[in-house]
Amino acid sequence: MVMALKNVLIINPILYTAETNEIPKVDSIKDTMIYALCIGFLKAGHRVTLIAAQDYQPCVEEEYPFSVIWMHTVCRSVFQPRCFPYMPALRPFLRRHKEYDLIITSEMFASWSYTAVRLSWEKTVVWHELAAHNRLLHQIPSKLWYHVVARFLMRKARVVARSRAAQSFISRYVGNVAEEVIDHGVELEKLPPVGTDAGNIVKEKRFAVVSQFIARKQIDRTIEAFADFVERGNGDYTLYLIGQGPEEAALRETAVRRNVEQRIRFCGQMTHEQLLPVVAGARALLVYTRQDNNMVSIVESIAVGTPVVTTSVPYNAEYIEREQLGIVKDRWGAEALEQICAENQAYVQNCLRYRDRLSAVSCAEAFWRCFPDT
């Protein structure tokens, strides 16, 4: 049965992560998680409108196949745009526009979610990602919000979590949480696996890291693990580091100290079109983060058939371990890299079997499945 066309409003002010209050300007938002969700709803046959904070508007003019409304933020010293933007135009907008059949808003601890739930709770679904209290001001605002605002003023909210960890967390404060978890989707058409040879996926002798070069990503530990791997007789492997950031000089020094500077490629910032072939041809994507939620680089890696070696920190780790899409181990080292290489084709095939579940269209359709009365 084909679903009738619906009008979908997605409220997601924060389009990408900013480490400081100086939000970096980008040329495009087409590689963001929320853009993929919008495309998913479009391909499922629905009309889509995205509301985002003006602070995240790209510096290069873009055209989109759906409507994007950039809303001005105010009181930035209190409502910091990088973590808790406040858009006063949202309330009158929702009062004027009643044509939406479904409103998806990001996060329970958010002024925009509060506004949507209070004005249109019967149409609104909160897509919740956080699995712990926000650390701002020693967690005091977050704890007050969840215990008072969420529990009493947003008690009618319908919630879909983006991970099992987030589901467990938010279920402590609100009751109407869907059993199904909806992770971020990707446009599978843009993420084809690499070619095959005699039924096997062709993988080069390389690993890939796609990340900002910042302290919490712990890329230095990845380099240390790779250096140990090389010392075990794997000198023909290469590590590709895709990204940029303030830690780059220190990372280069680590590579020199461990005598692997000739086996590491610092690729700088790359477009999706440039980096995806590198990831698709790698034996594994390597992740050593100490603080992250759901990571789009992990989703995209699995979608192109490349398994992941990661710590247990990213919320994606739960299904990576469950579905054997890679190796999940805190403080992983050379042994994990040897294992992912020795059993690479098995992990690759698991990724390819899981691939369709990561489709942005499947992600969009799951919202109707969770709340069919919307």
Colleague: Salt-bridge test for Arg353 and Glu323: reply yes if a basic N is under 4.0 Å from a carboxylate O, no otherwise.
Modeller: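 Answer for the salt bridge query: no.
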Colleague: Taking transitive links into account, so neighbours of neighbours count too, which hydrophobic residues share a cluster with Ile214 at under 4.5 Å side-chain distance?
Modeller: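 Listed partners: none, Ile214 stands alone.
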Colleague: Under 4.5 Å between side-chain heavy atoms, chaining through other members, with only Ile, Leu, Val, Met, Phe, Trp and Tyr counted: pull out the rest of the cluster around Leu136, sorted by chain and number.
Modeller: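 Grouped by the 4.5 Å side-chain rule, Leu137 form the rest of the cluster around Leu136.
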Colleague: Got a list of side-chain donor-acceptor pairs under 3.5 Å for residues 93-100, not counting sequence neighbours?
Modeller:
from: His97; atom 1: ND1; to: Glu99; atom 2: OE2; distance (Å): 3.1
from: Tyr100; atom 1: OH; to: Thr49; atom 2: OG1; distance (Å): 3.4

Colleague: Just jot down the side-chain contact (heavy atoms from CB on, under 4.5 Å) partners of Ala250, sequence neighbours excluded, or say none.
Modeller: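 If we apply the side-chain contact (heavy atoms from CB on, under 4.5 Å) test to Ala250, skipping adjacent residues, the hits are Glu247.
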Colleague: May I have all residue pairs that pass side-chain hydrogen bond (donor to acceptor under 3.5 Å, both in side chains) and include part of residues 254-264, sequence neighbours excluded?
Modeller: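 For residues 254-264, and leaving out neighbouring residues, the side-chain hydrogen bond (donor to acceptor under 3.5 Å, both in side chains) pairs sorted by first residue read Glu224-Arg257, Glu224-Arg258, Asp228-Arg258, Glu231-Arg258, Thr238-Arg263.
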Colleague: Below 3.5 Å, can you tabulate the donor-acceptor pairs from side chains in residues 277-288 to any protein atom, sequence neighbours excluded?
Modeller:
from: Arg283; atom 1: NE; to: Glu204; atom 2: O; distance (Å): 3.0
from: Arg283; atom 1: NH1; to: Tyr237; atom 2: OH; distance (Å): 2.9
from: Tyr288; atom 1: OH; to: Trp332; atom 2: N; distance (Å): 3.1
from: Tyr288; atom 1: OH; to: Trp332; atom 2: O; distance (Å): 2.8

Colleague: Hydrophobic cluster mates of Val177, side-chain heavy atoms under 4.5 angstrom, ILVMFWY only, any path?
Modeller: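 In the cluster with Val177 are Val74, Val78, Phe79, Phe84, Tyr86, Met108, Phe109, Tyr114, Val117, Trp121, Val126, Leu130, Trp145, Tyr146, Val149, Leu153, Met154, Val159, Phe169, Ile170, Tyr173, Val174.
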Colleague: Can you pull out every side-chain hydrogen bond (donor to acceptor under 3.5 Å, both in side chains) where at least one residue sits in residues 25-43? Sequence neighbours excluded, please.
Modeller: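 Listed by first then second residue: Ser28-Glu62, Lys43-Glu189.
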Colleague: Please list, chain by chain and in numerical order, all residues satisfying salt bridge (Lys or Arg N to Asp or Glu O under 4.0 Å) with Glu253, sequence neighbours excluded.
Modeller: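 Testing Glu253 for salt bridge (Lys or Arg N to Asp or Glu O under 4.0 Å), a comparison that skips the adjacent residues, returns none.
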Colleague: Taking only residues two or more places apart in sequence or in another chain, which ones pass salt bridge (Lys or Arg N to Asp or Glu O under 4.0 Å) with Glu321?
Modeller: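 For Glu321, no residue satisfies salt bridge (Lys or Arg N to Asp or Glu O under 4.0 Å) once neighbours in sequence are set aside.
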Colleague: Tell me the ring-ring contact (aromatic ring centres under 6.0 Å, His included) pairs involving residues 245-275, sequence neighbours left out?
Modeller: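 Non-adjacent pairs meeting ring-ring contact (aromatic ring centres under 6.0 Å, His included): zero.
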Colleague: List for me each residue that meets salt bridge (Lys or Arg N to Asp or Glu O under 4.0 Å) alongside Arg118, sequence neighbours excluded, and say none if there are none.
Modeller: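 In terms of salt bridge (Lys or Arg N to Asp or Glu O under 4.0 Å), with neighbours along the sequence ignored, Arg118 is linked to no residue.
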